[in-house]
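See structure below.
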Amino acid sequence: MSDTDLVVDLRDDLAAESARTWDAAHRPPPVPVELRPPARAGGRERLVALRRRHLLRERRAQEFVADTMNATTGLPVADARSVVRFVGRLLGERRGLVVAVVGFNALAALAGLLVPRLLGELVDSTVADVQAGRVDAALAGANTVALVVAGLVVVQGLVTFAAKLSSTVLGQDVLARAREYVVHAILRLPLSRVESASTGDLVTRVTRDVGTMSESVRWALPESIVALITVVLTLVAMVSNSWQLSVPSLVLMALASFQVRRYLARAPKGYLTEGGTYSRINTTLSETVEGARTVEALGLAGRRLRRGDDDIEVSGQAERYTMTLRNLLFLIMDVAFSLPRVLVLLLGAVGYVQGWASLGQITTAILYAEALYGPFDMLVSTVDRVQVGMASTTRLLGIATVPPDREAGEGVPQGRDLLAHDLRYAYRDGHDVLHGIDLDLRTGERLAVVGPSGSGKSTLGRLLSGIHGPRTGTVQVGGVELTRLPLETLRTEVALVTQEHHVFIGTVRDNVVLAREGSDDEQVRQALGAVDALEWVDRLPEGLDTQLGSGHLALTPGRAQQVALARLILADPHTIVLDEATSLIDPRTARHLEGSMNALLTGRTVVAIAHRLHTAHDADRIAVVIDGRVAELGSHDELVAQGGEYAALWRAWTS
C-alpha cells in the first residue's frame with residue numbers, strides 16, 4: 001500500500017484533527033497578548049494597563065481553580081474549610097502543647113510590655129521629683145526601675161526560650177502527623193485515578209507542596225500564633241496606657257484590615273494557580289526526560305524546549321498576580337505601621353498642652369507604637385506564608401478527597417474459580433474499550449490472552465486481577481466480586497504481574513517480605529530459591545541484609561523481576577495474571593526468568609497476556625481479543641485448524 005493510499009483511507013475529519021494537533025499556527029498562545037505590557041505608553045496608560053492585566057490574571061486564577069474543583073480526572077483540590085478542619089483537628093489533638101505555646105508567649109509578651117509602662121511611669125515620677133527638688137529621690141527611682149527592667153529582661157529571655165521550645169515541638173509534632181496523613185492518603189489512591197493524573201502533578205504535590213506545608217507548619221503556624229498574641233496584648237497595653245493615644249494605631253489597623261480581607265479572599269486562588277503551573281512545568285520536564293531518546297530520534301528538541309518556555313511563561317504570569325497581591329498588602333501594612341508613630345507624637349503634644357496626657361503616657365505610647373512594628377510585621381509575613389501553605393495543603397488534602405473505587409464487603413470466596421461476565425470498561429465516558437467479554441476460568445487452568453496491540457488485552461488483565469472495576473458486568477472469585485474483597489484479601493486470591501518492576505530502598509529481605517509482613521528468613525530464602533534467585537543473593541556482600549534501591553546496590557532488570565516474583569511466592573495467590581512480565585527484558589534473561597516462574601505458576605490458575613505467541617502455544621486455552629471482544633476461544637491446535645484470527649497471528653509470528 002502506498003503513502004497515498006494511507007492518506008485516502010484516513011477519514012477527512014480525523015486527518016484534519018491530526019494535522020491541527022501538530023500545527024502550531026492553530027494553537028492559541030500560552031499567554032494572551034493582553035497580558036503583555038504596552039511597548040509605548042505614558043504613565044497613566046501604563047497604570048491603566050497594569051490594572052487591566054492584574055484583573056485578567058485574577059480571572060485566569062479563578063477559572064483555573066473552578067476547573068480544578070470540578071475536574072473528573074486527575075487529582076482534585078480540597079476547599080479552605082477542609083484545611084481549617086484538618087489543622088484544627090491536629091491542634092485539638094495537642095491541646096497541652098497549644099496551651100503551652102500560647103501561655104509562654106503571652107508571658108513573654110507581658111514581660112516585654114511592662115518595660116515601656118515602667119519607663120513611662122519613671123518619666124512622670126522623675127519630672128515630678130525634679131520639679132519638687134527631690135533629685136535624690138529621682139535617682140533612686142531610676143535605679144529601682146533599672147533593676148526591675150533588668151529582672152524583666154531575664155524573665156522574658158527565659159520565658160521566650162520556653163515559648164520557642166514549645167513552638168518547635170508543636171510544629172514538628174503537627175508536621176509529623178500531617179505527613180503521615182498525606183502518605184496514607186497517597187497510598188490509598190485508586191490506581192485508576194493515579195493513572196489519569198499527570199506525573200508532574202503528583203510529583204509536585206509530594207515534593208514542593210509537602211515542603212511548603214512543612215515550612216508553614218514548622219514556622220509560619222507557630223510564629224503567627226506568637227505574633228497575634230503579641231499584637232493583641234500590645235494593643236491592650238496601649239489602650240490601658242491612654243485610649244486617646246491608641247486611637248491612631250487602632251484606626252489605621254482597622255482600615256488596613258480591609259486590604260487584609262481582600263488579600264485573604266484572593267491569595268488562595270493565586271497560590272493554587274501557582275501550584276498548578278509548577279505541576280505543568282514538571283509534567284513537561286518529566287515527559288521530555290522519560291522520552292529523551294524519542295525526542296532525539298524525531299528531532300523534537302526544539303518543540304520540547306518551546307513547550308518548556310511556554311510553561312515557564314504561564315507560571316510567570318501566575319507569580320506576577322500573587323506578587324501584586326503581596327505588594328499591595330505590604331504597602332498598606334507599612335502605611336498602617338509608619339503613620340501611627342507620627343500621629344501619636346502629634347496627638348500626644350496636643351494632649352500634653354491640653355493636660356489630658358502626661359509625658360510618661362506619651363513616652364509609653366510611642367514605645368508601644370514602636371514595639372508594635374516587630375510582631376505586626378511578623379504577623380503580616382506569616383499571614384502570607386500561611387496562605388502559601390494553605391494552598392499547598394489544599395492540594396495535598398485534595399488527594400484524600402478522591403473517593404475509593406471499591407467498597408469492601410463481608411463475602412468470603414467459596415472456591416477458586418474465576419468468572420467474568422459481560423465485562424465493559426471505558427477510560428472516557430462513552431468510549432468503551434471492552435465490549436461484553438465473558439470468561440470462565442477453571443482452577444489450575446492456563447489461559448493465554450492474545451491479540452494485536454491496542455485490542456484491550458492489558459485492560460482485561462487489570463479487570464481480571466481486580467485493579468479496576470468494570471463499568472458493567474462482574475469479575476468473581478469463588479462467587480464474590482473482586483472489588484468487594486478487602487485489598488489484603490484480594491492479593492491472596494488474585495495477583496497481577498506486569499512489565500514494570502520496582503526495587504524499594506531497603507534490604508533484600510525488606511523488599512521480599514512486603515508481600516507478607518512477619519515472614520522469617522527461612523520463608524524469604526525459600527521464596528528466593530523458588531524463583532532461582534537465592535544463588536546470587538547469597539553472593540551479595542551482606543546476603544539478605546544487602547541494601548537495595550536508590551543510592552545502594554542497583555539490580556539488573558532480570559534480578560529485580562525475580563525479587564518481584566519472590567514477593568508473589570510469599571503472597572501465595574491461587575490465581576496470577578501475567579501481563580507479559582518479561583517483555584521488557586533481553587531474550588536470554590527473559591528465557592531464564594520464564595524458567596524461574598514455573599515454580600510460581602505450578603498449581604495455580606494463570607492468565608497470561610501474551611505479546612509473544614510462544615507463551616500462548618503451551619496454554620490450555622487461548623482467548624483472541626480483537627477490538628475489545630473475544631473473537632476466538634480454544635486451544636492452540638483448535639484455533640490454528642480454524643484458520644481465523646489466531647491462525648493469521650501465528651503464521652505472522654512464525655514466518
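Computed over heavy atoms, backbone and side chain alike; hydrogens, waters and symmetry mates excluded.
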Under the criterion side chain to side chain contact (heavy atoms under 4.5 Å, CB included), I'd like the reasoning laid out for Tyr321 against Thr273: C-alpha separation, chi angles, the key distance, then a yes or no.
CA-CA 10 Å; Tyr321 174 59; Thr273 305; over 6 Å; no
CZ/Arg326 to OH/Tyr271 distance, rounded to the nearest 0.5 angstrom?
4.0 Å
Tell me the closest heavy-atom pair linking Ile362 and Ala357, and the distance in Å.
CG1-CB, 4.3 Å
Quick one: pull up CG in Leu233 and CG in Leu107 and give me the separation to the nearest 0.5 Å.
10.0 Å
Non-neighbouring partners of Glu313 that pass salt bridge (charged side-chain N to carboxylate O under 4.0 Å, His left out), sequence neighbours left out
Arg36
Separation between CD of Glu274 and CE of Met323, rounded to the nearest 0.5 Å:
10.0 Å
Is a side-chain donor or acceptor of Thr284 paired with a backbone partner of Ile281 at a separation under 3.5 angstrom?
no
Kindly say whether Leu553 contributes a backbone atom to a donor-acceptor pair with the side chain of Gln547 at under 3.5 angstrom?
no
Are there over 12 heavy-atom neighbours, none belonging to Arg51, within less than 6.0 Å of that residue's CZ?
no
Inter- and intrachain pairs under salt bridge (charged side-chain N to carboxylate O under 4.0 Å, His left out), touching residues 156-168, at least two apart
Lys164-Glu223
Quick one: pull up CG in Asn241 and OG in Ser358 and give me the separation to the nearest 0.5 Å.
7.5 Å
What distance separates Ser246 OG from Tyr368 OH, expressed to the nearest 0.5 Å?
11.5 Å
Has the side chain of Ser257 got a donor or acceptor atom that lies under 3.5 Å from a matching backbone atom of Val260?
no
What pair of heavy atoms forms the shortest contact from Leu514 to Phe504, and how long is it?
CD1-CD1, 3.4 Å
I want to check something: taking the side chain as every heavy atom from C-beta on, are Leu245 and Thr364 in contact at a cut-off of under 4.5 Å?
no
Please report the shortest heavy-atom distance between Ala108 and Val159, naming the atom on each side.
N-CG1, 3.6 Å
Is it true that Thr288 and Arg307 share a donor-acceptor pair across their side chains at a distance under 3.5 Å?
no
Trace of the salt bridge (charged side-chain N to carboxylate O under 4.0 Å, His left out) decision for Glu34 with Arg52
CA-CA 8 Å; Glu34 294 83 2; Arg52 187 164 54 246; over 6 Å; no
With no hydrogens and no angle check, is any side-chain donor or acceptor of Ser240 less than 3.5 Å from a backbone partner on Ala237?
yes
Kindly say whether Gly276 contributes a backbone atom to a donor-acceptor pair with the side chain of Arg280 at under 3.5 angstrom?
no
With a cut-off of 6.0 Å (strictly less than), are more than 12 heavy atoms of other residues, nucleotides or ligands near NE2 of His552?
yes
Nearest atoms (heavy-atom pairs only) where Leu339 meets Leu252
CB-CD1, 3.5 Å
Main chain of Gly389, side chain of Ser392: is a donor-acceptor contact present, judged purely on distance under 3.5 Å?
no
For Ser249, which residues count as a side-chain contact (heavy atoms from CB on, under 4.5 Å) partner, sequence neighbours excluded?
Met238, Pro340
Taking all non-hydrogen atoms of both residues into account, name the closest pair between Pro248 and Leu343 and its distance.
CB-CB, 3.8 Å
So, Asn327 versus Thr324: side-chain donor-acceptor pair below 3.5 Å or not?
no
Correct closest heavy-atom pair for Ala365 and Val344 would be CB-CG1, 3.8 Å
In Å and rounded to the nearest 0.5 Å, what is the CZ to NE2 distance from Arg320 to His54?
14.0 Å
Test Gln259 against every option in Ile332, Val335, Leu325 by the side-chain contact (heavy atoms from CB on, under 4.5 Å) rule and name the one that passes.
Ile332
Test side chain to side chain contact (heavy atoms under 4.5 Å, CB included) on Thr507 and Asp510 and set out the steps.
CA-CA 5 Å; Thr507 64; Asp510 295 334; 3.0 Å; yes
Using only atom types and a distance under 3.5 Å, with no angle test, would you say the side chain of Arg94 pairs donor to acceptor with the backbone of Leu91?
no
By side-chain contact (heavy atoms from CB on, under 4.5 Å) - contacts of Val350 (at least two apart):
Gln354
Residues in side-chain contact (heavy atoms from CB on, under 4.5 Å) with Arg81, at least two apart?
Asp79, Arg85
Please list, chain by chain and in numerical order, all residues satisfying side-chain contact (heavy atoms from CB on, under 4.5 Å) with Leu35, sequence neighbours excluded.
Val31, Pro32, Arg53, Leu56, Arg57, Arg60, Gln317
Looking only at atom types and distance, does a side-chain atom of Ser166 sit under 3.5 Å from a main-chain N or O of Leu97, one as donor and one as acceptor?
no
